[in-house]
**Q** 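One structure, pasted below without further comment.
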Amino acid sequence: MSFSAPLKGFHVQCGESGPAVETALDRLRMLAAEVDAARPGAFGLSGPGVVVEAGLRGPFPENLVQADCGIMALHGRSEAQPRPLGVDYVSTLTGIAAVQGLLATTLAQLRGNPVSRVELGADDVALLAVGQYIAAATADEDPEGPEQNPSVARPPFVSADGVAFEVEAFSGEAWQGFWDSLGTPGRAIGQGWRPFLLRYERASVSLPRELHEAAEAAPFAEIRSIAASTGMHICPVRTVADRSADPDVGLPPWTFRAGRAAPPGAGATAGLPLAGIHVVESTRRVQGPLATRLLSLLGATVTRIEPSGGDPLRGMPPMAGDCSAKFRVLNDGKRVAEIDFKQAGGRAEVLELIRDADVFLHNWAPGKDAELGLDAATLHAVNPGLVYAAACGWGDALGKNPPAGTDYMVQAYSGVADALAPAGAPARPTLMIMVDVAGGFVSAEGILAALVARQRTGRGGAVTTSLLAAADALLHAPSSAAVDGVFPAADGLLAIVTEEVETLCSLLDISSPLREELPDAITKALGKRPVAEWERRLGPIAVPVRRDLGTLVARRPGRFERNGCAIATSPWTFS
């Protein structure tokens, strides 16, 4: 086998079906496992010295989980109206989490730990995916509540020649220079900066209309030129069809590269699958920190490199004790090493820190690793057995000087924004942090695969993942049922998913109408009674659309820990 085919010689048995299982099987194939999806029996993975079984609790209709775990509320927060994402977000993440569990258990057995079964549920994965927002809603200090007023004049912008585009700015100077060059009134530029900056945290943004008017007065070529000269990043909003025509579509979401021969990794005879694995990270925001958070939930020890004085995002409100709730939920339990690695002494400290580490992860800008003298070759010279991991925005897809690879920019380029749009509506990224979360899942998945490859080949190596590859995973055709939608009841919204139309009509006390008349008939019937009554009557095919994320904790107290805010626990159970 080779480092880039970590499951070569392994076989997957699966008698189950559904979007999550299909996602998992596709990814296991890309890791070189032989999949026999027709063989009956439990979902499992077997290979030299390894037999692993996985259990996915369900089945779970996608939109019921989105409604029940706050995803619909977050996606519709900017309109103050919950709505489905329109893609199988939870199913995709659950499939990736299943692969993570299988890889972690495989690694454990290869290291001498007899753990042999992993279980997880889609609702637990969903709660972890929206964990930052739940933390903010349950923070000690000024917890965030549901959005009451719809956003206005939110991105994307549209140029004079009709090109819709997203923007990203990392400094006030870039923001000011870009809009000033487009002739935007100074008052509007100033008023727009702070809400633009905080749109990730709030999943909502209201911008002055004058910004849109300035964009609408200039052709896209001129806007692109101004962006280049002022340090603003822009990206046109593309369709799913645009993305499907790109030459890199269909490639595996991880790029593996074998390193030197190295001593075998340390063994572990008990505990969680990654017990005894040490991960060092230098990451910011969501993608990288979430990847190592997932690895820590699997048992790894994580040391986080931060600048002197700590990561500035520790002070981002709302606060959970002395730390930002949203920062805490991604980084709780990690060790911290404050190092200025831009200085020679700091670089020496990093090299010493990784000398006995198993993984080093960064999400620096392209070329920054070589500029800092902390590239894979340098670190492998110190530790040949290291898995050197990079979590980036675009991978190699957009060349050496890509635009900023952030969540909304990647949604725009990848076609995800197009996939999310209701029929007839313009493409628009969700303001819920979505691709960053998927990117963290994919990064952790790639690291686990590389650790399995290291254990099997006796070589260190490198793995690169991207937000673009994570976005691609969301673009398969969404699942659906005969009835699959969100309907108003007397006092709230109810998500209903079922194939049994006759049974539903009976429960609603209506005759079975023509298919095109069914939504109106359901809405009319539901409007006569409150959500709670319909939930009792309809049973497992209906779920209230949860708007208040804080209530999720009271409903599932066993799925959270408390440390100044509610923090979702591990979605995996090992035995």
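Below, all heavy atoms of this structure are taken into account, side chains as well, without hydrogens, waters or symmetry copies. Just so it is clear, the structure is predicted and the values come from calculations on it, not from any experiment.
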**Q** Please lay out, stage by stage, how Arg555 and Asp123 fare under the test salt bridge (Lys or Arg N to Asp or Glu O under 4.0 Å).
**A** CA-CA 12 Å; Arg555 293 180 60 251; Asp123 53 347; over 6 Å; no
**Q** Pick from Met434, Gln66, Glu62: which one makes a side-chain contact (heavy atoms from CB on, under 4.5 Å) with Val87?
**A** Met434
**Q** Under 30°, 30 to 60°, or over 60°: which ring-plane class applies to Trp175 and Trp193, parallel, tilted or perpendicular?
**A** tilted
**Q** Counting C-beta onward and ignoring hydrogens, is there a side-chain heavy-atom pair between Glu535 and Val543 closer than 4.5 Å?
**A** no
**Q** Given Asn363, which of Leu467, Thr465, Thr283 fulfils the side-chain contact (heavy atoms from CB on, under 4.5 Å) condition?
**A** Thr283
**Q** Quick one about Trp572 and Glu119 (side-chain donor to acceptor, distance below 3.5 Å, no hydrogens or angles considered), yes or no?
**A** no
**Q** Any side-chain donor-acceptor pair under 3.5 Å between Thr239 and Asp242?
**A** yes
**Q** Does one side chain, of Ser78 or Arg154, offer a donor that lies under 3.5 Å from an acceptor on the other?
**A** yes
**Q** Less than 4.0 angstrom from a charged side-chain N to a carboxylate O is my criterion; do Arg243 and Asp248 meet it?
**A** yes
**Q** Ring centres of His75 and Tyr89 under 6.0 Å apart?
**A** no
**Q** Is Arg238 salt-bridged to Glu166, going by a charged N under 4.0 Å from an acidic O?
**A** no
**Q** Just by distance, no angles: are the side chains of His233 and Thr406 close enough, under 3.5 Å, to form a donor-acceptor pair?
**A** no
